[in-house]
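Both counts, for ligands and for their atoms, begin at 1 and track the order of listing.
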Amino acid sequence: MMDIRGQTHPFLHAPDKRMLIGGDWVDALSGRRFETRNPADGSLLARVPEGDQHDVDRAVRAARAAFEGPWRRFRPDERQAVMLKFADLLDAHWDELAWLDTLDMGAPIRHTRGSRRHLVGLMRFFAGQATALYGQTASTSMNGDMFAATLKEPVGVVASIIPWNGPLWAMVFKTAPVLATGCTLVLKPAEDAPLTPLRVAELALEAGVPPGVINVLTGFGRTAGAALAAHPDVDKVSFTGSVATGQDIVRASAGNLKKVSLELGGKSPHILFDDADIGQAAAAAAYGVFANAGQICTAGTRVYVQRAIHDEVVERMADIATSLRVGPGCDPDSDIGPLVSARQMERVLGYVDSALEQGARLTCGGHRYQDPERDKGHFVAPTIFTDVRDDMRIACEEIFGPVASVMPFDTLDEVVGRANDSPFGLGAGVWTRDLGRAHALARRLHAGSVWINCYNQMDPSMPFGGVKLSGYGRESGVQQLDEYLHVKGVWIQHD
Ligand code: NAI
Ligand code: MG
């Protein structure tokens, strides 16, 4: 097993990285680069090209050429074979990729390693789908002598713009459906964590993905990202990130009416009834908000606890929060790493201040770490607030840090109303042993995923996404394929 503490990661032996356009590793046309750093200690990891609109033009041209050219001639079974090879390479290099994520965005190595089975499995699941894309034949109920059928065709050039909270995760989620459906991709990593996507793209080439099918363009959001979202020759944008940027992307898509799918933020409710297994439920509520230092779109930040068990749940969650080991991601004993940047840390601490000003009670955490070991990194202690009102900022806005609001409730109708009274609708968790209540909540909660007696469960065969301001479109599951396909109607008169 790789352990890079005290050594350099093999990918960083040459710290000046290039980006991938049309199968070539290139610099930005401007020649400019920007730095990416390790959020645990501020150390410089690498410099990557600062691509801008001119680089976007060449990357989109390369993706278009590959789409019209060699990739179009790949039969589905050939795409499948390449994807299976890609999955094997991801599997074989998982440790190395996990380390790169850990160094670049801070998550504990235990966390980044942990998604191996799911993500390698997801690539294999979509490899299977490559040979299982079906159209339909229609009854043509009002037209005799007619054969009418639907064909599914790839939408074309896809632009993916991804965030920093799980680059390896996002790379697998964004490349798998592109390859399965025969589209091509220009992917822009987040400026805070561009390294893993470059390495994954290298593995894709090694697996036999033809040049130009996967392009990775590093650069900033307001330049490279905006140019991609507005580009007239991009057919679809798949975006994961903040609501405000998602809205910008929808506006930018209007020029050529590109298809858009959006996986945005959340303020997910996690509802604990008093008939639940309290130990399991409280642990799930704690990990549901503290995992990845809260930098997860489905973080269950609004914890609603039925009044009879409220105090006990708070106590158990606080025990977990204070026993979690906060430290650098490269320490195998760390449970929680730093936040990705100083900006994110300031933002999260700003929410802590707002909660105190608005009268919430701090049960634990609420501070940055100030010790010699950790004062160079952006470490924030796992934080729990009680006495939180639904209208406080910490209970309404996405924090993206390890901050939980625990609030008591009395009845089912009351908690459904409060849980749904949010502009977001990504995930929702429920703990109860009452089957009727579980089914009622599965239907009544406004969310893309409802987890009952579990939380943050994922599987390649299940769709993932949101409603309301959490976005539209689905990732994972067979449902995702249609986001990358057009349906064409074909009519043949046979007399
Ligand atoms: P962001 O949404 O601005 O960044 C995500 C990606 O979009 C990055 O690759 C960025 O370069 C790109 N981007 C930025 N502006 C763009 C534009 N105008 N056009 C096209 N692409 C653009 O998110 P940011 O600033 O990194 O984080 C701020 C907050 O957003 C977080 O605190 C969190 O609340 C939320 N967020 C939610 C995520 C999720 O998984 N739902 C992931 C990341 C952030
Ligand atoms: Mg970084």
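Within the listing of ligand 1, atoms 42 (C), 43 (C) sit less than 4.0 angstrom from a heavy atom of P163.
Among all heavy-atom pairs drawn from A230 and K258, the shortest one is C-NZ, 3.5 Å. The shortest non-hydrogen separation linking L89 to A207 is CD1-N, 3.6 Å. Taking both residues in full, the closest heavy atoms of W94 and R113 are given as NE1-O, 3.3 Å, listed atom of the first, atom of the second, then distance. Nearest heavy-atom pair, A229 versus V237, reported as atom, atom and distance to 0.1 Å: CA-CG2, 4.2 Å.
Note that atom 4 (O) of ligand 1 has no protein non-hydrogen atoms nearby, at separations under 4.0 angstrom.
Among I249, T245, I399, the residue whose heavy atom lies closest to atom 15 (N) of ligand 1 is T245. For atom 40 (O) of ligand 1, the nearest non-hydrogen atom from the set G246, C297, A230, G466 belongs to C297. Looking at S242, G221, G265 and measuring to atom 17 (C) of ligand 1, the nearest heavy atom belongs to G221.
Less than 2.8 Å away from the Mg ion (ligand 2), the protein contributes these N/O/S atoms: T36 OG1, R37 O, D104 O, D104 OD1, D192 O.
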- [ ] Give the C-alpha distance, both sets of side-chain angles, the deciding distance and a yes or no for ring pair (Phe, Tyr, Trp, His ring centres under 6.0 Å) between F173 and F464.
- [x] CA-CA 11 Å; F173 266 61; F464 176 75; 7.2 Å; no
Task: side chain to side chain contact (heavy atoms under 4.5 Å, CB included) assessment of Q344 paired with D192 - done: CA-CA 11 Å; Q344 286 301 113; D192 279 319; 5.8 Å; no
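At a 4.0 Å heavy-atom cut-off, ligand 1 does not touch Q295 at all. By the criterion of a heavy-atom distance under 4.0 Å, the backbone of L264, and not its side chain, is placed next to ligand 1. Residue D192 does not touch ligand 1, judged by heavy-atom distances below 4.0 Å.
What sits closest to atom 6 (C) of ligand 1 on the protein, heavy atoms only, is I162 O, 3.6 Å. Of the protein's non-hydrogen atoms, the one nearest atom 20 (C) of ligand 1 is G225 C, 3.2 Å. At the shortest separation from atom 38 (C) of ligand 1 among protein heavy atoms lies F400 CZ, 3.4 Å. Remark: minimum distance from atom 18 (N) of ligand 1 to any protein heavy atom is reached at D248 OD2, 3.8 Å. When hydrogens are left out, the protein atom nearest atom 26 (O) of ligand 1 is W164 NE1, 2.7 Å; that is the closest non-hydrogen contact. The protein atom (non-hydrogen) at minimum distance from atom 35 (C) of ligand 1 is E398 OE1, 3.4 Å.
Residue contact check for ligand 1: P189 places a non-hydrogen atom closer than 4.0 Å to it. The shell of residues lying under 4.0 angstrom from ligand 1, judged by heavy atoms, excludes A229. The shortest separation from a heavy atom of R343 to ligand 1 is under 4.0 Å, placing the residue in contact.
H231 and D57 form a side-chain donor-acceptor contact under 3.5 Å, judged by distance and modelled atom types alone. Side chains of T223 and D52: a donor-acceptor N/O pair is absent below 3.5 angstrom, by distance only. For the residue pair S43 and K376, no side-chain donor N or O sits within less than 3.5 Å of a side-chain acceptor on the partner.
For R222, the CZ atom is loosely surrounded, since the number of other residues' heavy atoms within 6.0 Å does not exceed 12.
Contacts of Y287 classified as ring-ring contact (aromatic ring centres under 6.0 Å, His included), with partners at least two apart in sequence or in another chain: none. The ring-ring contact (aromatic ring centres under 6.0 Å, His included) test applied to W451 returns Y455, not counting sequence neighbours. The salt bridge (Lys or Arg N to Asp or Glu O under 4.0 Å) search around R61 returns none, not counting sequence neighbours.
Between Y369 and H367, the ring planes are perpendicular. Angles over 60° get that label, and only those under 30° would be called parallel.
Between F220 and ligand 1, no N or O atom pair is found at a separation short of 3.5 Å. By the 3.5 Å distance cut-off applied to N or O atoms, R222 is not counted among the residues near ligand 1.
Here the straight-line distance linking atom CZ of F290 with atom CD1 of I384 works out to 4.5 Å at 0.5 Å rounding.
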